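Structure first, commentary second.
From a predicted model like this one, the values you see are computed outputs, not experimental measurements. Just so you know, these numbers use all the heavy atoms, side chains as well, and skip hydrogens, waters and symmetry mates.
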Amino acid sequence: MAASVIASADERKGTKRYIDRGRESASHPIRVTSWMALLLLATVKVATAQTTDETLLAYAVNIHQTPMQTWGPGYGIYLGHGYFLTAAHVAGRTWFTRPKVTISGQEFPTRVIKEGQLEATDLTLLAVEENLLPMRLRLRRMRLCDTPPRPGQEVVTVVPEAVVRSRIITPERIPAAVRRFNTAIVDVAKTGNSGSGVFDVKQRCLLGIMSRKISQKRTNLVTRKEETYDIAKYFVPAAEIAAFVPAGTFDAR
């Protein structure tokens with residue numbers, strides 16, 4: 001009887017293994033389908049990010065003084081209707097520097113609509129005759145963000161050469177002496193320099209114009225020498241841009 005019981009138990013185990021294999025085989029296509037769905041979603045996200053980057057790149061330009069500044073090309077962002085926004089210190093004292101907008105190596109003379117100052121509002125608004133611009137640029141319109149930047153927000157900086165992702169840091173990370181420049185991003189070495197655009201990744205709107213690096217002097221514990229460390233980059237936020245530019249610069253929403 002015991003042998004019979006054992007045999008029955010083995011049969012039940014064999015039957016269970018057969019059923020388990022069947023269940024496993026039946027669930028395998030589900031796992032494959034789920035994996036393929038995740039792969040497709042990741043591919044779509046990458047493609048969307050690339051499309052966003054390519055779209056924003058079209059708005060980025062170089063700003064050249066006359067003669068060309070020794071520290072290399074500055075940057076600016078096309079707003080639409082022939083208007084270009086850059087940092088005031090990039091354009092310089094415009095009556096003397098006669099700044100030009102440069103697109104794909106071609107220079108365009110500008111009119112100065114409004115000039116700011118580095119220590120006040122670090123913005124200068126330039127204009128180019130719209131019919132002189134490349135057709136791919138004429139129909140473009142940039143939207144200004146209507147919500148203030150927030151710590152941790154994902155952004156991109158845009159120059160003609162590249163789009164680089166970054167995040168907004170908390171004001172507490174900025175040295176107290178310069179905390180008035182409290183809209184800033186990390187990744188100092190990689191992100192766009194003065195005049196480049198800072199964009200909200202999700203909304204694809206202009207969040208600010210890059211203005212300056214924020215640095216701090218510290219004593220190196222090994223060499224005992226005082227060294228300068230870059231902490232962040234400050235950008236002029238959208239609210240200040242809206243207050244600076246004349247009415248009608250941006251299309252009404």
Side-chain angles (χ1 to χ4, degrees), residues 48-63 72-80 83-91 101 114 116-118 120-126 137 140-174 178-215 230-245 249-251 253:
T48 301
Q50 289 175 340
T51 302
T52 299
D53 291 355
E54 291 170 0
T55 300
L56 293 176
L57 273 174
Y59 290 90
V61 300
N62 289 119
I63 304 295
Y75 299 109
I77 292 295
Y78 184 59
L79 305 182
Y83 294 120
F84 295 84
L85 191 62
T86 185
H89 72 274
V90 169
V101 166
K114 189 172 182 179
Q117 294 180 350
L118 174 62
T121 302
D122 191 18
L123 297 172
T124 288
L125 183 64
L126 305 172
L137 205 58
R140 294 184 181 273
R141 302 288 183 268
M142 178 48 62
R143 184 169 64 89
L144 194 62
C145 296
D146 53 13
T147 55
R150 62 187 186 280
Q153 182 177 356
E154 188 179 1
V155 300
V156 291
T157 63
V158 182
V159 298
E161 298 80 15
V163 174
V164 179
R165 293 177 180 266
S166 185
R167 290 187 180 276
I168 297 175
I169 67 171
T170 60
E172 289 73 23
R173 290 181 58 184
I174 300 173
V178 291
R179 200 163 289 168
R180 68 184 186 278
F181 303 118
N182 59 10
T183 50
I185 62 170
V186 293
D187 305 316
V188 176
K190 299 178 181 178
T191 50
N193 290 326
S194 298
S196 60
V198 181
F199 293 87
D200 181 295
V201 171
K202 294 181 179 179
Q203 300 297 323
R204 290 195 293 177
C205 56
L206 182 61
L207 198 62
I209 293 292
M210 198 64 73
S211 173
R212 71 191 74 195
K213 285 194 299 186
I214 298 174
S215 304
D230 294 332
I231 298 172
K233 280 181 177 176
Y234 162 74
F235 62 90
V236 182
E240 289 190 36
I241 293 173
F244 177 82
V245 301
T249 303
F250 291 92
D251 285 343
R253 290 192 293 272

Residue pair [X] / [Y]: nearest heavy atoms and the distance that separates them:
| X | Y | result |
| --- | --- | --- |
| Val90 | Gly74 | CG1-CA, 3.7 Å |
| Ile77 | Val61 | N-CG2, 4.3 Å |
| Leu125 | Phe244 | N-CE2, 4.1 Å |
| Thr183 | Pro237 | OG1-CD, 3.7 Å |
| Leu79 | Leu85 | CD1-CB, 4.0 Å |
| Asn62 | Pro73 | ND2-CB, 3.7 Å |

Quick check for you: to the nearest 0.5 Å, what is the distance between [X] atom [atom1] and [Y] atom [atom2]?
| X | Y | atom1 | atom2 | result |
| --- | --- | --- | --- | --- |
| Thr121 | Lys114 | OG1 | NZ | 7.5 Å |
| Met210 | Asp122 | CE | CG | 11.5 Å |
| Ser194 | Leu118 | OG | CG | 8.5 Å |
| Ile169 | Ile174 | CD1 | CD1 | 4.5 Å |
| Ile185 | Thr191 | CD1 | OG1 | 4.0 Å |
| Leu144 | Thr249 | CG | OG1 | 10.0 Å |

Tyr83 side chain reached by Val245 side chain, heavy atoms, under 4.5 Å:
no
Tell me, do Phe199 and Leu206 make a side-chain contact under 4.5 Å, heavy atoms counted?
yes
Can any side-chain N or O of [X] pair as donor or acceptor with the backbone N or O of [Y] at less than 3.5 Å?
| X | Y | result |
| --- | --- | --- |
| Arg143 | Arg204 | no |
| Asp187 | Lys190 | no |
| Ser211 | Phe235 | no |

With Arg141, which residues qualify under side-chain hydrogen bond (donor to acceptor under 3.5 Å, both in side chains), at least two apart?
His81
Show me the donor-acceptor pairs, under 3.5 Å and distance only, between side chains in residues 154-164 and residues at least two apart or in other chains.
| from | atom 1 | to | atom 2 | distance (Å) |
| --- | --- | --- | --- | --- |
| Glu154 | OE2 | Arg165 | NH1 | 3.2 |
| Thr157 | OG1 | Gly192 | N | 3.0 |

Taking ring-ring contact (aromatic ring centres under 6.0 Å, His included) as the test, write out the residues that go with Tyr234, two or more places apart.
Phe181
Check ring-ring contact (aromatic ring centres under 6.0 Å, His included) between Phe84 and all other residues, then give those that pass, not counting sequence neighbours.
Tyr78
Indicate whether any N or O donor in one side chain lies under 3.5 Å from an N or O acceptor in the other, for Lys213 and Asn193.
no
Side chain to side chain contact (heavy atoms under 4.5 Å, CB included) against Thr170, all qualifying residues, sequence neighbours excluded
Pro151, Glu172, Arg173
Taken in chain and number order and not counting sequence neighbours, the residues that satisfy side chain to side chain contact (heavy atoms under 4.5 Å, CB included) with Ala91 are Thr86, Thr94, Pro99, Thr124
Determine, stepwise, if the pair Gln153 / Leu207 fulfils side-chain contact (heavy atoms from CB on, under 4.5 Å).
CA-CA 11 Å; Gln153 182 177 356; Leu207 198 62; 3.9 Å; yes
